[in-house]
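All of these numbers come straight from a predicted model, not from anything done at the bench.
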Amino acid sequence: NDGYYSFSLRDFDMDVATVHFDTDMDVTLADSIALKGYVAVPGLDVQQFLDRYAANFYKDAAKLHTDASLAARVEVDGWLDTSNGHLPAFTANVSLPECSVSHSDYPIVPKLALELGASAPQGGPVDAKVDRLMLRAPGLRADVKGSGADVLGKAAAVQADAKLDACLD
């Protein structure tokens, strides 16, 4: 095919290291890589992932407990050029609905939630946003929203709005 190869993945599902992925993607391999489609992690059971892998990085991993379920999706359309680091146009979103996280050595069981995203035009700057970062624990409430422009560039601009309530009784 004139020095390039193309293939498509349709309704392609796979499980890697307790993480389920689904994808629908057209791929062309040449001097750079053309991608059009998406890759998604519809619901990662964070506890199952921690049970299997966290002990490799944290000796007290068995003491961590959560009911968290993480979802992520990346949509791409364009060329990935590894010779110059240009990314295809993309949008990415990560969602962690409100969940609890605990450590058996500590009596406090905080709640947290996260909604964030990033996007870029073909070869362009990467912008990011945090739609929700929430932390709740006895005597503490924190909420953050923010965004960043050209977050991988030399002149990144970041803004955030944060609210913190603490009761020190």
Are the side chains of [Y] and [X] in contact, using a 4.5 Å heavy-atom criterion?
| X | Y | value |
| --- | --- | --- |
| Ser119 | Val126 | no |
| Asp11 | Asp24 | yes |
| Thr23 | Met14 | no |
| Val144 | Asp161 | no |
| Leu64 | Tyr58 | yes |
| Gln122 | Pro88 | yes |

What pair of heavy atoms forms the shortest contact from [X] to [Y], and how long is it?
| X | Y | value |
| --- | --- | --- |
| Glu115 | Leu96 | OE2-N, 4.2 Å |
| Asp131 | Lys145 | O-CG, 3.2 Å |
| Ala113 | Pro97 | CB-C, 4.2 Å |

At what distance, to the nearest 0.5 angstrom, does [atom1] of [X] lie from [atom2] of [Y]?
| X | Y | atom1 | atom2 | value |
| --- | --- | --- | --- | --- |
| Leu35 | Glu75 | CG | CD | 13.0 Å |
| Leu135 | Lys111 | CG | NZ | 12.0 Å |
| Tyr53 | Gln48 | OH | CD | 9.0 Å |
| Arg136 | Ile108 | CZ | CD1 | 15.0 Å |
| Asp26 | Asp77 | CG | CG | 9.5 Å |
| Asp143 | Leu133 | CG | CG | 8.0 Å |

### Query
Do Asp22 and Tyr38 pass the side-chain contact (heavy atoms from CB on, under 4.5 Å) test, and can you show the C-alpha distance, the side-chain angles, and the key distance before you say yes or no?
CA-CA 8 Å; Asp22 68 68; Tyr38 74 87; 3.0 Å; yes
With clusters defined by side-chain heavy atoms of hydrophobic residues (ILVMFWY) lying less than 4.5 Å apart, directly or transitively, does [Y] cluster with [X]?
| X | Y | result |
| --- | --- | --- |
| Met134 | Leu114 | no |
| Val39 | Phe7 | yes |
| Leu50 | Val16 | yes |
| Trp79 | Met25 | no |
| Tyr4 | Ile33 | no |

### Query
Crowded around Asn56 CG? As in, over 12 foreign heavy atoms under 6.0 Å?
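Correct, the count exceeds 12.
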### Message
With a 6.0 Å cut-off (strictly less than), is the heavy-atom count around CG of Asp105, excluding the residue itself, greater than 12?
### Response
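Yes, enclosed.
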### Message
If we ignore hydrogens and angles and just use 3.5 Å, is the side chain of Ser69 paired with the main-chain N or O of Asp45 as donor and acceptor?
### Response
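The answer is no, because no donor-acceptor pair under 3.5 Å joins these two groups.
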### Query
Are any side-chain N or O atoms of Arg141 and backbone N or O atoms of Leu164, one a donor and one an acceptor, separated by less than 3.5 Å?
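No; zero donor-acceptor contacts below 3.5 Å.
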### Query
Salt bridge check: are Asp127 and Lys129 linked by an N-O gap of less than 4.0 Å?
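No salt bridge links Asp127 with Lys129.
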### Message
I'd like to check the ring-ring contact (aromatic ring centres under 6.0 Å, His included) partners of Phe12; sequence neighbours left out, ordered by chain and number.
### Response
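Partners of Phe12 by the ring-ring contact (aromatic ring centres under 6.0 Å, His included) criterion come out as none, since no residue qualifies.
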### Task
Using the side-chain contact (heavy atoms from CB on, under 4.5 Å) rule, take Asn93 and Leu116 through it: C-alpha gap first, then chi angles, then the decisive distance, then the call.
CA-CA 6 Å; Asn93 294 289; Leu116 59 87; over 6 Å; no
#### Entry: ring-ring contact (aromatic ring centres under 6.0 Å, His included) pairs, two or more places apart, involving residues 83-116
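Passing the test, one end in residues 83-116: His103-Tyr106.
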#### Entry: Contact list for residues 128-154, test ring-ring contact (aromatic ring centres under 6.0 Å, His included), sequence neighbours left out
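Every pair satisfying ring-ring contact (aromatic ring centres under 6.0 Å, His included) with a residue in residues 128-154: there are none.
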### Query
Given His65 and Val109, is the side-chain contact (heavy atoms from CB on, under 4.5 Å) satisfied, shown in steps?
CA-CA 9 Å; His65 305 284; Val109 180; over 6 Å; no
### Message
For Gln47 and Thr66, which I'm curious about, is there any donor-acceptor pair between the side chains at under 3.5 Å?
### Response
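No donor-acceptor contact under 3.5 Å links the two side chains.
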